[in-house]
Protein chains: 2
Amino acid sequence: MIRLNRLTDYAVVVLSQMGRDQDRVHTTARLAEDSAVPLPTVSKLMKQLARAGLVTSRRGAAGGYVLSRPAAQISVAEVITALEGPIALTACVDGAVDHCDVEALCAMRGNWNKVNRAIETALASVTLADMTVSPAEMFALPGRRPPGGKPAGMLS
Amino acid sequence: MIRLNRLTDYAVVVLSQMGRDQDRVHTTARLAEDSAVPLPTVSKLMKQLARAGLVTSRRGAAGGYVLSRPAAQISVAEVITALEGPIALTACVDGAVDHCDVEALCAMRGNWNKVNRAIETALASVTLADMTVSPAEMFALPGRRPPGGKPAGMLS
DNA sequence: TTAAAAACGGACGGATTTGGTCCGGTTTCA
DNA sequence: TGAAACCGGACCAAATCCGTCCGTTTTTAA
Ligand code: SF4
Ligand code: SF4
C-alpha cells in the first residue's frame with residue numbers, strides 16, 4: 001500500500017518528540033518511554049540518524065542526542081532519505097540505486113520521474129515542526145504558506 | 001525507499017501498453033511478449049485488475065483483456081489501489097486497514113493524513129495515457145493543465 | 001462434435017526484506 | 001573508578017514479495 005517503513009515512521013515520531021524540547025539532550029531511554037517505541041529500536045534509529053547527521057550525539061554519562069538543526073528546518077523527506085536512501089518509487093527513476101531488469105525494453109522507462117519528483121516535493125515541504133501541531137491548524141501557522149497560497153508546485 | 005511494489009509497476013507498464021491500442025483485445029501472451037514481463041506474472045496481474053474492474057476480460061478462444069475505460073481516464077492511483085489496497089503511508093491515516101500498536105500514545109497520530117492526501121492527489125493526477133508519452137512532453141499536451149497552471153493544489 | 005485457445009482461481013515455495021533484540025566495546029562525567 | 005550513556009554490528013524470527021504451476025471453465029472455430 002505504498003506504505004512507509006514502520007521504522008521510518010517511528011523516526012519521525014521520535015524526532016518530533018525531540019523537537020518539543022529543542023536543544024535539550026535526550027537519552028534514548030527517555031525518548032522510548034515518551035513515545036512508546038521499544039528502547040532498543042529507538043537506539044538503533046538514533047544511531048542511523050546520527051550517522052546521517054540529523055542528530056548529534058553526546059557520549060558518556062549525561063549524554064544523549066540533540067537535534068542538529070531546529071525541527072522547523074528538518075523535512076520528513078530528509079528523514080526518509082537518511083533511513084531508506086533516496087526516494088525512488090521505481091528502479092528507473094533518477095536517484096535510484098538498483099536496476100530494473102526490464103528497463104531495456106520498457107516503453108515508459110523514465111516516465112516515473114515526474115511522479116517521483118512530485119512526491120519528493122510533497123515530502124520535502126513538511127517539516128518535523130509541522131508534524132507536532134494539531135492536525136486542525138497544520139499549515140495555518142503564521143509565516144507559513146497561507147491556506148489559499150501557492151502549494152509548492154507539484155508536477156512542475 | 002518508499003518503493004512502489006514491483007508488481008504494481010509492471011501493472012502500470014502493461015496497462016499503458018494496452019492503452020496504445022485502446023479497444024483491441026490483448027492476450028496475456030502478447031502483452032508479456034511486448035513488455036518483457038514474464039507471462040505467468042502478467043496473467044496474475046490481469047486477474048487482479050479484472051477483479052478490480054479496471055480491465056474487462058473476454059474468455060474463450062480469441063479472448064483476452066480490454067481496458068474498461070480509455071487510458072486517459074485511468075489514474076495510476078487507481079491501479080495502485082486495485083493491487084495494494086488504499087494508499088496509506090502509515091497505519092494511522094484515514095483509509096488505513098490495519099492498526100498501529102503505538103497509536104494510543106502517539107502524539108502525532110493523524111498528522112500524516114495531510115501528507116498522505118498530498119501524495120494521493122499527485123498519483124491521482126497522472127493517467128495511464130500520461131505515462132506513455134515521452135518524458136519531455138509530459139504535461140505539455142493540449143487540453144491538459146498548461147505548464148504554468150494550477151498544479152492541482154497539494155496540501156490544501 | 002471436437003479441439004484449441006484463452007481466462008480463472010488458488011496453492012505453493014524460495015528469496016528477500018523488515019523489525020526487533022542482544023551484547024561486548026568505548027567514551028564521558030561525577 | 002564506576003556508572004551512564006552511545007556505538008557497532010551480529011543475529012534471527014516473521015512477514016512479505018514474486019514468480020510459478022496446475023487443474024478448471026468458457027468460448028470460438030474447424
Ligand atoms: S524500466 Fe519500466 S519496468 Fe523497470 S522500473 Fe522503470 S517503469 Fe518499471
Ligand atoms: S499512530 Fe504514530 S506511530 Fe502509529 S502509525 Fe500513526 S504516526 Fe506512526
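It should be emphasised that the depicted structure is a prediction, and the values quoted were computed from it without experimental measurement. Note: hydrogens, waters and symmetry copies are ignored here, and every other heavy atom, side chains too, is used. Quick note on labels: first sequence line is chain A, next is B, and so on, each numbered from 1.
- Each of Asp130(A), Leu4(A), Leu123(A), Ile119(A) was compared with Val115(B) under the side-chain contact (heavy atoms from CB on, under 4.5 Å) criterion, and only Leu123(A) meets it.
- Tyr65(B) places its OH atom 7 Å from the C1' atom of dC8(C), with the value rounded to the nearest Å.
- Picking from dC18(D), dT18(C), dG8(D) the nucleotide with the shortest atom distance to the side chain of Arg51(A) gives dG8(D).
- Nearest to the side-chain atoms of Arg6(A) among the listed nucleotides dG20(C), dC8(C), dC17(D) stands dG20(C).
- In this model, the phosphate group of dA6(C) is not approached by any side-chain N or O of Ser57(B) to a distance below 4.0 Å at OP1 or OP2.
- Between Met46(B) atom CE and dG19(D) atom P the separation is 16 Å, expressed in whole Å.
- Among dA7(C), dC7(D), dT21(C), the nucleotide with an atom closest to any side-chain atom of Arg59(B) is dA7(C).
- For Thr27(B), whose side chain is taken as the heavy atoms from C-beta onward, the closest listed nucleotide among dG19(C), dA6(C), dC18(D) is dA6(C).
- Listed nucleotides: dA6(C), dT21(C), dC6(D). Nearest to the side chain of Pro38(A): dT21(C).
- In terms of position along DNA chain C, the nucleotide closest to Ser43(A) lies nearer the 5' end than the nucleotide closest to the other residue of the pair Gly60(A) and Ser43(A).
- OP1 or OP2 of dC6(D) lies within a sub-4.0 Å distance of a side-chain N or O belonging to Thr28(A).
- With values rounded to the nearest 0.5 angstrom, Ser35(A) atom OG is found 10.5 Å from Leu15(A) atom CG.
- Side chain Lys47(A) to base dG9(D): a donor-acceptor pair is found below 3.5 Å.
- Distance His26(A) NE2 to dC6(D) C1': 16 Å, rounded to the nearest Å.
- One interatomic measurement links the two molecules: CG of Leu45(B) to P of dT20(D), which rounds to 12 Å at whole-angstrom precision.
- dT21(C) atom P lies 10 Å from atom OH of Tyr10(A), rounded to whole Å.
- Asp101(B) places its CG atom 13 Å from the P atom of dA15(D), with the value rounded to the nearest Å.
- Relative to the side chain of Ala61(A), the nucleotides dA4(C), dA4(D), dC8(C) differ in distance, and dA4(D) lies closest.
- Salt-bridge formation is detected for the pair Arg3(B)/Asp98(A): a Lys NZ or Arg NE/NH1/NH2 atom is positioned less than 4.0 Å from an Asp or Glu carboxylate oxygen.
- With rounding to whole Å, Lys44(A) atom NZ is found 15 Å from dC23(C) atom P.
- Cluster membership for Val79(B) and Val66(B), using ILVMFWY side-chain heavy atoms within less than 4.5 angstrom, is not shared.
- Asp21(A) has no carboxylate O lying under 4.0 Å from a charged side-chain N of Arg30(A), or vice versa, which leaves the two without a salt bridge.
- To the nearest angstrom, P of dA7(C) lies 9 Å from CG of Leu31(B).
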